[in-house]
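Every chain is numbered from 1 and lettered A, B, ... according to where its sequence line falls, protein lines coming before strand lines.
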Amino acid sequence: MSLQFWKPGTIGPGSSLDRATETEENVIPSAPLVTNLSIDAARQRLPIFKHREKLLYCVEKHGVTIVVGQTGCGKTTQLPQYLYEAGWSTNGNLIVCTQPRRVAATSVAGRVSTEVGTILGDEVGYTIRFEDVSSKERTRILYMTDGMLFRETLVDPLLSRYSVIMIDEAHERSVYTDLMLGILKNSPFTFMPIVCNRIRRKRPSLRLIVSSATLDATSFLDYFTSGNAPDEATIVSLEGRMFPVQVAYLQEPVPDYVRKAAEVVWSIHLQNGSGDILVFMTGREEIDRCLEELSEMLPSLPRYAMRLRLLALHAGLSTNEQLAVFEPAERGSRKVIISTNIAEASVTIDGIKFVVDSGFVKIRTYNPTSSLSSLVTVPVSQASATQRAGRAGRTSSGICYRLYTESAFQTLPLTTPPEITRVDLTTPILQLKSLGIDDLMKFEWVTSPPAESVLRALEGLYAAGMIGEDGRLTVVGEKVAECPVDVNIARMLFMSKEYKCGEEILTIAAMTAVQDVFIIPEGAAGALAELERRKFTAEEGDHLTLLNAYNAFIRYGRSSSWCKSHALSFRAMSRAVSIRSQLKKYMQRFGLPLESCEGDAKRLRKCLVSGYWRNGARWVADGTYRSVRGNTTLYVHPHSVLFTRKPRSGWVVFHEMEETKKTQIRILTEIEPDWLLEYGHKYYDKRTGASVQ
DNA sequence: GAGCACTGC
């Protein structure tokens, strides 16, 4: 394979590390310091233990401490321990550290409890949805998902259990991270001493640490100090322990990065010593194509070369298939993992020495005007590209090959827009209202979502009866805010009392909340799986089909082998069981009866319409649908049981709509059109005088 | 007749 694609002076496959000019000595830039920690000290790149006293001092003195720490600097594991030793968790107080992901919260808690020398769940514990491994009396350091802490604020807005709150991985800017930071600054109940002195009287001892792996951390400081109180907060930079990763760029852009990726993998393999290869693609389709290209090359592998073990990694794989990427390659062979963005932060594989970065990623976007969510392929941000490159330097020095030019890299956005700017805000805004934040126009977001999204969410909440004309929560809205489900689904749960079908609606609510219930593989196996699925098919549509599958799963003893032989995902089904039992508790608390409709599907479908009435669609002769709102053309998702069939009444409601190549609707149920009117009139007549046609 | 990036409560 020719090396001419690689810009001279950067590193091409096969060139020696010694000869190559380094474009970036270490792809993780060292952090500039805005700190009252001595800049000289930082320049000397002191190891973390020398920061320790300064760090404790900063937390002690200031309301907000921003910590910039690279991968491996120990901020997540060490910092809470320092605070613990320094006595921040006396008098029954807790030090809480939030993580965006469940696995991170559990694994870090495990590590720290070992370091402290206690059993997990004793002094060190974790709390994630469905799992609370902590002790009310004894736990002092608690790891938690940020979503879980956010939910806790709905119950205890003062967060009175905690003396220190550390929002970790803040650079990822998950919705819940942003909401947590937002309420810490804005809520009338919370305490930011800098911003809100009246609260400082309520919680004078509470401290906040925001920790981030990237430098946009300075913006967190500005956010909390409104840009004018630098002596009230600090940024501390910690040195990471990472091996250097060198970066090579293409000299010329390529039209087909999938093919190019396969070629680069091939030349790395032939010209470099041992070390596994990780390739970033955008989705399953590209992964499969790249694997195909590589397997076609395999027969031409020279006899002297190591063997190649080709692996795919994406979220759609079963647990076992995912675990395969962690198995060390056999002697004399090299692992090549072709992955989605899952390997950028969620899944960490040791032993990777080479990263091949396509430079693209699929992200969710939301168009508030059409309330359409879509999945688009976009160029990655520089921060993402840096993170991807870093995956090559976890266990030794490595090389990252970027399948784009250096000048293209310079034009990439610095960061990915925070998730809060790209999602439907209906649920977040309902929850903020529940926290007493009524005037959303005055709410100071870390990054403001589009005003249109806020308005659309308010409109939806009003239409669903969650807020009144004054914008305040209704009695139902107050309850629904506590429920961990979508507003539509919550409405159904409440209406099930009228339709006497709580038992079934509860199951449907749980099943619609999990993804990939049916496993339909490609090709011949897929056809067999389709046949299996037909055993559960209800002619009314997907909701009742999901209900049938759930009931059968319970009837046959929740067995994983049973799932396997019926094309069902055991993981998804088990999750549905957990969600159902959680939602059941909410129903009991709200006094909603768990009656069965005793096979009366009409009652059940009417209840579905009470939640989905804004998601109506009409069948047209070409097999597509037209939405009731907006009259846009909708295509049925191929996984729907109504994909091949016209609904008898010609009308359906659907669970969600999403734009991919076309606008698709997922999880459909056949209904009578006048059921839509029953709910539609209440809304349309009052607001605009228009009606549902 | 055709397809789901990744989290989280």
Asks: Check whether A:Glu321 reaches the backbone of A:Ser318 with its side chain - one donor and one acceptor, N or O, closer than 3.5 Å.
Replies: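 Indeed, once roles are kept as given, a pair shorter than 3.5 Å links the two residues.
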
Asks: What contact category does A:Arg101 fall into here, base, sugar-phosphate, or nothing, at under 4.0 angstrom with non-hydrogen atoms?
Replies: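 The residue A:Arg101 makes sugar-phosphate contact but no base contact.
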
Asks: Name the nucleic acid region contacted by A:Thr644, choosing base, sugar-phosphate or nothing; use a 4.0 angstrom heavy-atom cut-off, strictly under.
Replies: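 Contact class for A:Thr644: base.
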
Asks: Does OP1 or OP2 of B:dC4 have a side-chain N or O of A:Thr660 closer than 4.0 Å?
Replies: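 For B:dC4, OP1 or OP2 has a side-chain N or O of A:Thr660 closer than 4.0 Å.
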
Asks: What's the CE-C1' distance between A:Met144 and B:dG8, to the nearest Å?
Replies: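 Rounding to the nearest Å, CE of A:Met144 and C1' of B:dG8 are 13 Å apart.
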
Asks: Is the charged tip of A:Arg402 near the ring of A:Phe409: under 6.0 Å from the six-membered ring centre and within 45° of its axis?
Replies: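 Yes - A:Arg402 lies over the ring of A:Phe409, closer than 6.0 Å to its centre and within 45° of its axis.
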
Asks: At under 4.0 Å between heavy atoms, what does A:Leu375 touch on the DNA or RNA strands: base, sugar-phosphate, or nothing?
Replies: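 Touches a base.
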
Asks: Hey, does A:Phe643 reach any base, or is it just sugar-phosphate, or nothing, if we go heavy atoms under 4.0 Å?
Replies: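 The answer is base, as A:Phe643 lies within the cut-off (heavy atoms under 4.0 Å) of a base atom.
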
Asks: Please report, rounded to the nearest Å, how far the C1' atom of B:dG8 is from the CD1 atom of A:Ile420.
Replies: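 Taking CD1 of A:Ile420 and C1' of B:dG8, I get 13 Å after rounding.
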
Asks: To the nearest Å, give me how far apart NE2 (A:His637) and P (B:dG3) are.
Replies: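 One finds 8 Å between P of B:dG3 and NE2 of A:His637, rounded.
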
Asks: Distance only, no hydrogens: is a donor on one side chain within 3.5 Å (strictly under) of an acceptor on the other, for A:Asp168 and A:Thr76?
Replies: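 Judged by distance alone, the side chains do pair up.
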
Asks: Measure from CD1 on A:Ile667 to C1' on B:dC4 and round the result to the nearest Å.
Replies: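 It is 12 Å, rounded to the nearest whole Å.
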
Asks: To the nearest Å, how far apart are A:Glu344 CD and B:dA5 P?
Replies: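 It works out to 16 Å between those atoms.
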
Asks: So A:His639, base contact, sugar-phosphate only, or nothing? Heavy-atom distance under 4.0 Å.
Replies: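 Base, at least one base atom sits under 4.0 Å.
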
Asks: Is A:Glu172 touching bases, backbone alone, or none of the nucleic acid, heavy atoms closer than 4.0 Å?
Replies: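 Nothing, no nucleic acid heavy atom in range.
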
Asks: List the steps, then state whether salt bridge (Lys or Arg N to Asp or Glu O under 4.0 Å) holds for A:Glu169 with A:Arg101.
Replies: CA-CA 10 Å; A:Glu169 312 288 2; A:Arg101 278 174 296 279; 5.9 Å; no

Asks: What's the closest nucleotide to the A:Arg102 side chain, out of B:dG8, B:dC4, B:dT7?
Replies: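 From the listed options, B:dG8 comes nearest.
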
Asks: Using a cut-off of less than 4.0 Å, is there contact between a side-chain N or O of A:Gln431 and OP1 or OP2 of B:dC9?
Replies: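 No.
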
Asks: Tell me which nucleotide among B:dC9, B:dA5, B:dC6 gets nearest to the side chain of A:Pro484.
Replies: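 Within the option list, the nearest is B:dC9.
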
Asks: Rounded to the Å, how far apart are A:Lys661 NZ and B:dC4 P?
Replies: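 One finds 8 Å between P of B:dC4 and NZ of A:Lys661, rounded.
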
Asks: Considering only side-chain heavy atoms of A:Pro638, which listed nucleotide, B:dA2, B:dC4, B:dA5, is closest?
Replies: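 Out of B:dA2, B:dC4, B:dA5, the nucleotide with an atom closest to A:Pro638's side chain is B:dA2.
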
Asks: Between B:dA5, B:dT7, B:dG8, which nucleotide has the shortest distance from any of its atoms to the side chain of A:Thr145?
Replies: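 For the A:Thr145 side chain, the nearest candidate turns out to be B:dG8.
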
Asks: When you measure from the side chain of A:Thr340, which nucleotide among B:dC6, B:dG1, B:dC9 comes out closest?
Replies: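 The answer is B:dC6.
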
Asks: Could you give the CZ-to-C1' distance, from A:Phe130 to B:dC9, as a whole number of Å?
Replies: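 To the nearest whole Å, that distance equals 8 Å.
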
Asks: Could you check which of B:dC9, B:dA2, B:dT7 has an atom nearest any side-chain atom of A:Gln515?
Replies: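 Ranking B:dC9, B:dA2, B:dT7 by closest atom to the A:Gln515 side chain puts B:dT7 first.
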
Asks: Checking all strands, does A:Ser174 fall into the base, sugar-phosphate, or nothing category for heavy-atom contacts under 4.0 angstrom?
Replies: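 Nothing, no heavy atom under 4.0 Å.
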
Asks: Is the cationic atom of A:Arg422 (NZ for Lys, CZ for Arg) positioned less than 6.0 Å from the six-membered ring centroid of A:Tyr366 and within 45 degrees of its normal?
Replies: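 Not satisfied by the 6.0 Å and 45° rule.
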
Asks: Whole-Å distance between B:dC4 P and A:Ile363 CD1?
Replies: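 Answer to the nearest Å: 16 Å.
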
Asks: Between the side chain of A:Arg388 and the main-chain N/O of A:Asp357, is any donor-acceptor distance below 3.5 Å?
Replies: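 Looks like no, no N/O pair under 3.5 Å.
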
